[in-house]
Amino acid sequence: MKKTILNILLKLLLVCGGFFVVTFTIYFFNLDMKATSLLAPYLEKWYNNLERKQYI
């Protein structure tokens with residue numbers, strides 16, 4: 001019983017630590033904005049082709 005609880009806590013700690021490392025790497029190298037800048041031309045093309053209802 002005690003061993004299973006420790007095993008679960010160890011796995012939870014490893015998952016949380018891995019999540020922290022991944023999110024810190026994204027933050028440190030500003031990878032979210034770099035990915036957004038790569039996607040911007042495609043998103044602009046998509047949104048410019050949408051039909052809009054304009055009310056005056």
Side-chain angles (χ1 to χ4, degrees):
M1 176 84 175
K2 186 176 182 182
K3 194 167 193 152
T4 58
I5 292 173
L6 289 175
N7 199 7
I8 291 171
L9 288 176
L10 179 63
K11 287 180 183 179
L12 182 64
L13 183 65
L14 288 173
V15 168
C16 290
F19 182 74
F20 174 75
V21 168
V22 169
T23 55
F24 183 77
T25 304
I26 291 171
Y27 168 76
F28 187 78
F29 293 109
N30 202 18
L31 296 177
D32 54 341
M33 293 309 296
K34 290 178 183 178
T36 304
S37 69
L38 290 175
L39 292 175
Y42 301 109
L43 293 174
E44 288 173 3
K45 184 178 177 183
W46 172 267
Y47 285 114
N48 286 338
N49 288 333
L50 289 177
E51 293 205 15
R52 293 177 178 83
K53 294 180 182 178
Q54 296 180 351
Y55 297 102
I56 298 178

Please tabulate, for the side chains in residues 17-26, all donor-acceptor contacts under 3.5 angstrom to protein atoms that are two or more places apart in sequence or on a different chain.
| unit_1 | atom_1 | unit_2 | atom_2 | d |
| --- | --- | --- | --- | --- |
| Thr23 | OG1 | Phe19 | O | 2.9 |
| Thr23 | OG1 | Phe20 | O | 3.1 |
| Thr25 | OG1 | Val21 | O | 2.7 |

Below 3.5 Å, can you tabulate the donor-acceptor pairs from side chains in residues 28-44 to any protein atom, sequence neighbours excluded?
| unit_1 | atom_1 | unit_2 | atom_2 | d |
| --- | --- | --- | --- | --- |
| Lys34 | NZ | Phe29 | O | 3.3 |
| Thr36 | OG1 | Asp32 | O | 2.8 |
| Ser37 | OG | Lys34 | O | 2.8 |

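Hydrophobic cluster membership for Ile5: Met1, Leu9 (Ile, Leu, Val, Met, Phe, Trp, Tyr linked by side-chain heavy atoms under 4.5 Å, directly or transitively). As a member of the Ile/Leu/Val/Met/Phe/Trp/Tyr network built from side-chain separations under 4.5 Å, Leu14 groups with Leu10.
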